Each structure stands twice: as structure tokens, then as C-alpha cells.
*Asks:* 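Take a look at the following structure, please.
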Protein chains: 2
Amino acid sequence: MAARVQSIDRAVEILDCFMQNNELRLTEIVEMTGYHKSTVFGLVSTLKYHGLIDQDETSQKYRLGIAFLGYSDRVRNSLDIVDIASPIMRDICDKIQETVHLGLLRGKSVIYIEKIESNQSIRIASAVGMSNPAYCTGVGKVLLSGIPNAALSAHIPAVLEKRTPKTITSVSQLYDELDTIRKDGFGYDREEMEAGLYCVAFPIFDFYGKTAYAISVSGPSFRMEGKKEQAFDLLRKGSQLISAKLGYTAK
Amino acid sequence: MAARVQSIDRAVEILDCFMQNNELRLTEIVEMTGYHKSTVFGLVSTLKYHGLIDQDETSQKYRLGIAFLGYSDRVRNSLDIVDIASPIMRDICDKIQETVHLGLLRGKSVIYIEKIESNQSIRIASAVGMSNPAYCTGVGKVLLSGIPNAALSAHIPAVLEKRTPKTITSVSQLYDELDTIRKDGFGYDREEMEAGLYCVAFPIFDFYGKTAYAISVSGPSFRMEGKKEQAFDLLRKGSQLISAKLGYTAK
DNA sequence: AACTGCGTGCGGTATTATAGGACGTTTCAA
DNA sequence: TTGAAACGTCCTATAATACCGCACGCAGTT
């Protein structure tokens with residue numbers, strides 16, 4: 001489907017190893033990838049030269065390099081949505097004291113491009129750049145709801161893994177849920193991805209009226225119970241505000 | 001000095017092109033790098049496949065990919081200094097209402113690994129992951145002061161570019177300044193990098209007593225004038241607190 | 001001292017990245 | 001409407017290059 005350069009494929013594979021452990025020895029990378037030691041050494045050295053991998057001076061262990069910070073920042077600046085949404089998200093977070101996420105759809109996954117955390121001691125384990133399956137998250141389902149059914153298959157995995165007792169595992173049931181979201185204008189994640197984790201999500205529309213992003217408030221179910229109404233209000237206003245700033249004009 | 005893989009060198013060179021413009025056509029990349037069109041196409045396709053480059057569906061233009069967010073987040077998590085320092089920096093920022101930076105030294109440059117911005121309308125143009133020359137910034141000079149003179153040459157460029165009328169351009173003068181910083185325990189940037197930009201910086205020591213990071217408050221000179229004392233107090237306490245959390249024990 | 005596991009360096013070879021060129025579209029001007 | 005220019009994409013031959021095998025130096029352990 002596309003021309004591919006082997007060395008880059010391998011280099012990326014090496015970088016991905018660090019998604020599991022953030023410190024690796026050369027030999028560990030060799031074991032994980034299965035390539036020859038000197039091959040890995042060459043790739044790692046090159047990546048190190050460019051700052052994409054750092055090597056600890058004493059332990060010799062490798063880790064992801066700080067150069068990624070520069071690229072990442074560039075990415076976030078090119079997505080002007082982050083600049084627009086960030087202050088509004090902080091405002092929501094300050095008021096409701098729960099984690100606020102901003103995400104977009106990429107294939108079958110949701111990618112979080114901004115996160116504002118509350119000071120609550122019990123917080124969501126999440127991260128900017130992290131991805132989750134779309135079908136079982138609030139943000140994900142809202143994003144899916146913006147896509148016509150005919151085009152949905154590319155964004156839904158063949159098997160919907162049952163991550164909790166409440167996960168939606170049948171496609172037809174998921175379609176029903178998406179219809180509900182389209183009708184209501186927002187969506188939930190009622191402990192479908194992780195037990196005890198509750199989430200309310202609203203869509204953000206771009207200039208063309210496309211559901212380009214989604215914003216959510218998530219927290220432990222026991223806390224979110226009493227905050228649902230507040231979350232609705234804050235998210236509704238917030239999503240409208242952000243959509244407006246993207247040039248969206250409600251019809 | 002190290003084994004190098006050509007394709008990766010070229011791939012990184014392509015990625016670096018996006019540091020100047022955040023949207024590029026294939027042909028523009030070809031012009032910037034000088035490689036053959038199909039060569040660039042292969043590299044770009046591979047990078048795109050891995051999400052390191054995204055392509056706009058309609059305009060076909062390329063930009064840096066969201067995958068960087070994931071790597072970058074991983075980097076920042078592996079640097080536990082960010083977790084430690086971030087809340088303290090926010091506290092300082094709330095109190096003094098100016099931008100707070102956390103940086104480290106890499107070669108001749110300072111790399112900012114965390115930034116907390118105030119709500120002031122006039123703000124510093126800066127970014128996480130961005131780098132500046134060390135010799136003419138507050139954070140940079142403080143970091144340089146932690147290095148013995150004998151080893152300094154590797155961290156100071158041959159020619160000190162005169163970026164403003166107040167930039168230090170003579171090496172011996174810079175050495176004097178570093179001595180002052182070593183004596184005082186903190187440093188300034190008095191409009192040396194950018195006219196009108198004033199900055200106070202303190203060192204952060206790690207477990208081994210090494211000056212590993214530096215933290216700073218920066219803002220326009222006219223505002224910083226009256227806030228110097230407050231900045232000292234906040235930064236002194238903050239840097240001590242962070243150093244302590246890194247395992248540093250003052251002797 | 002021998003042994004194990006580590007990161008690193010070198011050279012020959014066959015795989016692979018690359019350049020050249022062609023093709024289908026789109027864009028814009030004539 | 002036509003033509004030309006510019007662009008992204010694709011294919012193939014070939015020469016350059018990334019890879020593997022092997023070896024070395026080092027540190028810690030038996």
C-alpha cells in the first residue's frame with residue numbers, strides 16, 4: 001500500500017520497545033525485536049546521534065530521547081485546537097475537579113491530544129498521546145457517532161474485547177448506542193473500558209460541521225454520580241465555545 | 001564516532017524540515033533536502049505509515065504526526081523531574097504571575113522540559129522541547145556554572161552571537177559571569193537573549209550534588225523590575241524543595 | 001584465571017534503498 | 001476547451017548500503 005523503508009520500520013520498532021519499558025539495554029532490544037545485535041546497535045546509535053534515544057552515561061541503558069519533546073511541541077502547535085481548547089478545559093477542570101480530556105479519532109483508536117488533571121488524589125491513569133480503543137470510551141464513541149454508519153467499519157475492530165462486565169461487545173448494540181449519541185448530542189462511558197471509571201463526553205465540530213474532536217470529563221463512578229449535571233453543563237458550554245472558535249456555526 | 005544508518009539520517013533530516021514550516025508539500029521537502037523525489041516519497045511514506053508524519057486528506061500536505069505525542073509523553077514520564085517540579089512551578093507561577101521554565105543542558109543548548117505560563121497577556125514566546133543557546137539565557141548560564149571551567153569548552157560555541165546590545169560576547173566575560181553565579185548561587189538573564197526579556201534562574205541539584213536542571217522566572221523587564229525580590233524567594237525555596245525531592249542533601 | 005554477558009567495531013556480501021523516469025490528476029492560464 | 005506545468009505516486013534496474021557474522025575489550029562472577 002505504500003513504499004516502505006526497512007531501516008525506518010526497524011527503527012520505529014525499536015522506539016516502540018520503549019513504550020513498554022522506559023529503560024532498555026541493547027541486548028533487551030535485541031531480544032524484543034529479534035534483529036542481530038550489531039544491526040540494532042547501528043540503528044540505536046543513529047537514533048542516539050539524533051537525540052531520539054538517550055543513553056545513560058553510567059548504566060549505559062537507553063531511553064527515549066528528549067528530541068521528542070521538540071517534535072511533540074511542534075505537533076501540538078500545529079494543532080491549533082490545543083491552544084483553543086486548553087484554557088477552556090482548565091476552566092472546566094477547576095470547577096468540577098475531575099480530569100478533562102480532549103481527543104481525536106485515528107483509525108480504531110482515540111488519541112488524547114490534551115489532558116488537564118484535577119488535584120484529586122484518585123486520578124485517571126492517562127497521558128497525552130496515549131491511545132485507547134474508540135468503541136469503549138466516551139470520547140471514542142462520540143467521535144464514532146460523527147461518522148456515517150457506512151464508513152464505520154474502518155473504525156471498529158472485528159472483535160470488541162470485553163474489558164469490563166459493562167463493555168459493549170456486539171456491533172449492533174454499539175450501533176444503537178451511536179444512534180442514541182447522535183440523538184442526544186453527547187455520550188457516556190459507563191465503566192465500559194475500566195471498572196469504576198465513568199465519563200461524559202461531548203463532540204466538538206470544526207468549520208465544516210464535522211465531528212473533529214471530543215471533550216470529556218472522567219472520574220471514578222462514585223464521585224461522578226453527583227456531578228453528572230454539572231459535567232453536562234460545563235461540557236455543553238465548553239464544546240460549543242470551542243466549536244465556535246473553530247469556525248463552526250450552528251445551523 | 002558511531003555507526004550511522006543513512007536512511008534514518010535522511011528521515012530525521014526530513015522531520016527536521018517541519019521545524020521551520022509545519023505544513024510541507026512533498027516537492028518542498030525535495031527542495032529543502034536535495035534528495036530525489038522518489039527517495040523522499042519512500043521515506044515520507046514510511047514515516048507516515050508509522051504516524052510520525054500525517055498527510056492532510058484534502059490538501060495532501062504533510063505535517064508532523066501525532067505519534068510524537070505518545071513518544072514525548074513517555075519521555076516526560078521517564079524524566080521524573082517533570083512530575084516533581086511541575087506542581088511547584090505552578091505554585092510559583094500562580095504567585096508571581098510570570099512564566100516559569102525548567103531546563104537542562106544538552107551540548108551548547110538549553111532544552112526546556114517544562115513550562116508553566118501565566119495568564120498575563122504579554123507572555124514569553126517559548127515552548128517545551130525548544131532549545132536556546134546556553135550562554136545567553138538565565139537557565140543556561142546557571143547550568144554552565146555547574147560545570148568546571150576545564151570542561152566548559154564543549155558547551156560554549158566558538159563565537160558568541162550578539163543577539164542584543166547586552167549579550168555577553170567575550171568568553172572571558174562569560175567566565176567571570178559564571179564565577180559570580182557560582183558565588184551567588186543563582187543567575188540572571190538581563191536582556192541578553194532578547195531585548196526587553198528579563199529572567200532570574202536558580203540551579204536544581206540531583207542526588208550526586210550535580211547541577212542537573214535549572215528553574216527560572218522570566219518576563220518583560222518592566223514587570224520583572226518590581227518582582228525581583230519575590231522571584232528570588234520563590235525560586236530559592238522552589239529549587240531547594242525540588243533538589244530535596246531528587247535526593248539532594250545540602251551539606 | 002576462566003567464563004559469562006555486555007557494548008562496540010570491522011569487513012564482505014547480498015539485500016535494499018535509491019535515482020530515473022513514466023503515469024494519472026489537478027491547477028491554472030491561454 | 002485546450003495545453004502546459006506542477007504535483008503525488010508507482011515501477012524497475014542497479015549500485016550503494018544496511019546487515020550479519022565474527023571478533024575485541026571490558027566488567028563482574030564463578
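Naming: A, B, ... by sequence-line order, numbering from 1 per chain. Just so it is clear, the model here is predicted, and its values are computed rather than measured.
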*Asks:* Tell me which residues in residues 18-32 of chain B lie within less than 4.0 Å of DNA chain D, going by non-hydrogen atoms.
*Replies:* Arg25(B), Leu26(B), Thr27(B)
*Asks:* List in chain and number order the residues that pass salt bridge (Lys or Arg N to Asp or Glu O under 4.0 Å) with Asp83(B), two or more places apart in sequence or in another chain; answer none if no residue qualifies.
*Replies:* none
*Asks:* Just jot down the ring pair (Phe, Tyr, Trp, His ring centres under 6.0 Å) partners of Phe202(B), sequence neighbours excluded, or say none.
*Replies:* Phe186(B)
*Asks:* So which one's nearest nucleotide on DNA chain C is more toward 5', Gln55(A) or His36(B)?
*Replies:* Gln55(A)
*Asks:* Could you check how far NZ of Lys61(B) sits from P of dG8(D), rounded to whole Å?
*Replies:* 10 Å
*Asks:* May I have all residue pairs that pass salt bridge (charged side-chain N to carboxylate O under 4.0 Å, His left out) and include part of residues 238-248 of chain B, sequence neighbours excluded?
*Replies:* none
*Asks:* Expressed as a whole number of angstroms, how long is the span from Phe41(A):CZ to dT8(C):P?
*Replies:* 4 Å
*Asks:* Looking at Glu177(A) and Lys141(A), does any basic side-chain N land under 4.0 Å from a carboxylate oxygen?
*Replies:* yes
*Asks:* Starting at CD1 of Ile8(A) and ending at C1' of dA17(C), how long is that distance when rounded to a whole Å?
*Replies:* 10 Å
*Asks:* Look at Tyr62(A) and dC6(C) and indicate whether a side-chain polar atom (N or O) is within less than 4.0 Å of OP1 or OP2.
*Replies:* no
*Asks:* Can you list everything that forms a salt bridge (Lys or Arg N to Asp or Glu O under 4.0 Å) with Arg106(B)? Sequence neighbours excluded, please.
*Replies:* Asp54(A)
*Asks:* Taking only residues two or more places apart in sequence or in another chain, which ones pass salt bridge (Lys or Arg N to Asp or Glu O under 4.0 Å) with Arg182(B)?
*Replies:* Asp179(B)
*Asks:* Return whichever of Ser38(A) or Val40(B) has its heavy-atom-nearest nucleotide of DNA chain C closer to the 5' end.
*Replies:* Ser38(A)
*Asks:* Expressed as a whole number of angstroms, how long is the span from Leu47(A):CG to dA18(D):P?
*Replies:* 13 Å
*Asks:* Rounded to whole angstrom units, what separation is found between the CD atom of Gln60(B) and the C1' atom of dC7(D)?
*Replies:* 7 Å
*Asks:* Give me each pair satisfying side-chain hydrogen bond (donor to acceptor under 3.5 Å, both in side chains) with a member in residues 13-31 of chain B, each pair once, sequence neighbours excluded.
*Replies:* Tyr71(A)-Asp16(B), Glu13(B)-Tyr35(B), Glu23(B)-Arg63(B)
*Asks:* Using a cut-off of under 3.5 Å, enumerate the N/O to N/O pairs linking the protein to nucleotides 12-16 of chain C.
*Replies:*
residue : atom : partner : partner atom : Å
dT16(C) : OP1  : Gln6(A) : NE2          : 2.8

*Asks:* For Ser86(A), enumerate each residue passing the side-chain contact (heavy atoms from CB on, under 4.5 Å) test, keeping only those at least two apart in sequence or located in another chain.
*Replies:* Glu114(A), Ile116(A)
*Asks:* For the residue pair Ser172(B) / Ser170(B), report whether a side-chain donor-acceptor contact shorter than 3.5 Å exists.
*Replies:* yes
*Asks:* Between atom CG in Leu43(B) and atom P in dG8(D), what is the gap in whole Å?
*Replies:* 15 Å
*Asks:* Look at the side-chain N and O atoms of Tyr35(B) and state whether any lies under 4.0 Å from the OP1 or OP2 oxygen of dG20(C).
*Replies:* no
